[in-house]
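Have a look at the structure below, then the notes.
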2 protein chains.
Amino acid sequence: MTERDTIPASGKAAYITEEVRRRIIEKEWRQGDRIPDEAALAAEFGVARATVNKALQLLADEGLLDRRRRAGTRVAVNPVRKATFSIPIVREQIEAAGKSYSHRLISQSRSPLPARRAEQLGLSPGEVLIHLRAVHYGDRQPFQLEDRWINPRAVPGIEEVDFHHLNANEWLVRNAPYLRAELTFSASNAGVRDARLLDTEPEQALLILNRTTWNDIGPITAVRLAFHPGYAMSATT
Amino acid sequence: MTERDTIPASGKAAYITEEVRRRIIEKEWRQGDRIPDEAALAAEFGVARATVNKALQLLADEGLLDRRRRAGTRVAVNPVRKATFSIPIVREQIEAAGKSYSHRLISQSRSPLPARRAEQLGLSPGEVLIHLRAVHYGDRQPFQLEDRWINPRAVPGIEEVDFHHLNANEWLVRNAPYLRAELTFSASNAGVRDARLLDTEPEQALLILNRTTWNDIGPITAVRLAFHPGYAMSATT
DNA sequence: TAGTGGTCTAGACCACAGA
DNA sequence: CTGTGGTCTAGACCACTAT
């Protein structure tokens, strides 16, 4: 290395990532500016070009840099940053909060698919799927209300499972890995029934998470999770 | 290559990623199983070990594999999958939906920080920050209600900006890149004032996004965004 | 102690798009 | 056409940890 022999964050690529990030944050390199090319940075930091490439790709994935062949690398003008959150297994989520987990199956049946769910899954309305409704508790307090449709054709073996003592979330996570998922967050006023099951008042605002997953056979499951009032789902960059 | 000369997804690493993903989804490799080590896979696919490493690291980041030195690589037992969503610039979000964007500044002042916001920012209650309230419209319909506190010490130059014609979101994105952000989603019943500004009814459930950002100086801004009823924020894996 | 993943290197060839 | 990033290779050394 040249005089740039401060302690690297962890590896050389990580150090370069942090150093480039710092130059952007401190406006040494301003939005829209072209930054030196990989070969130049490799020379400056005394590393191989592949190392610089790895560092810059990370920042490009984060949205801080725009990289194009021939045109070079520029500091993003409108950095569209991304945030990540983990899709929790409800039991682990509750236990991580130091509470004891329990759940109650309200209904399990084979039913014809209502129109809205059919659209979500890309199946025909009226097709018969498995329909589950359950409540998940932390220290006996209702935490989450689950309303789930499962496509048995995508999950061989599901027909024989009894979810009274096993939670569908975990069974699916272990037995039906998915290729693709779609999630949406929204808000909805609690209905009379939701309110009773979640031990709250009708019209109370609830955070709703809808999730649909697919594997190579087709749609696996569509679930609507309604959270107890006051719960906030968090994410970081 | 050996007989494995089907069309690669795009590069060799991408092809290996997809092939390993397929083996997991189709249960050729089951949850908890140890998979062949990098050297063995490199031999099988006829590539360098670094290429296998890149492919497997991607799957480990996704949560599908657990990798540990000496212990090898295993298919994750409880795959904690991650989802990503992009943090939108409200104007781009509205224009991407084919609507014309406008916004209205309701108030801009220097005010003492209330306790809840102080906690969110890690500053002292009563400290004087810049407080903004604004509504963002798509085709003249209210879309989002913004309530923002900005720490002028972290953003030199902010004191001179007039946000009547410039939207704070964009100014900050362009002028105050952040190092770290925290986001939470929650739901809340509209108050009388919220309802009026969003052109809806009091008690209507609203999706709330709270976001706080930091740079190397300290906290930059904390903002509470309330969305018009019916809006759903989506994410994918 | 030894087997595994983590990282880096020097070099190469290629794909893309700007001039 | 040519400069830039995208990707791959063969090899090396290191860091961790299971045994």
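Chain A is the first sequence line, chain B the second, and so forth, proteins listed ahead of strands; every chain is numbered from 1.
Judged purely by atom type and a 3.5 angstrom limit, A/Lys54 has no side-chain atom pairing as donor or acceptor with the backbone of A/Thr17. In this structure a side-chain-to-backbone donor-acceptor pair under 3.5 Å is present from B/Arg74 to B/Gly32.
Salt bridge annotation for B/Asp147-B/Arg117: present, with a cationic side-chain nitrogen under 4.0 angstrom from a carboxylate oxygen.
Aromatic ring orientation, A/His136 versus A/Tyr101: parallel (interplanar angle below 30°, classes split at 30° and 60°).
Among the nucleotides D/dC8, C/dG18, C/dG5, the one closest to the side chain of B/Asn53 is C/dG5. Comparing atom distances between the B/Arg67 side chain and each of D/dT9, D/dA18, C/dG5 picks out C/dG5 as nearest. Considering only side-chain atoms of A/Arg49, the nucleotide from D/dA10, C/dC13, C/dG5 that sits closest is C/dC13. Picking from D/dG5, C/dT4, D/dT7 the nucleotide with the shortest atom distance to the side chain of B/Asp37 gives C/dT4. For B/Arg69, taking side-chain heavy atoms from C-beta onward, the closest of the listed nucleotides D/dT9, C/dC8, C/dG5 is C/dG5.
Toward the 5' end of DNA chain C, the nearer of the two residues B/Arg70 and B/Ala50, judged by each one's closest nucleotide, is B/Arg70.
For C/dG5, the OP1/OP2 oxygens have a side-chain nitrogen or oxygen of B/Thr73 closer than 4.0 Å. A close approach under 4.0 Å does not occur between any side-chain nitrogen or oxygen of B/Gln57 and OP1 or OP2 of C/dG5.
As a whole-Å value, the separation of A/Lys54 NZ from D/dG6 P is 15 Å.
If you check every strand for non-hydrogen atoms under 4.0 Å, A/Arg68 touches sugar and phosphate atoms only.
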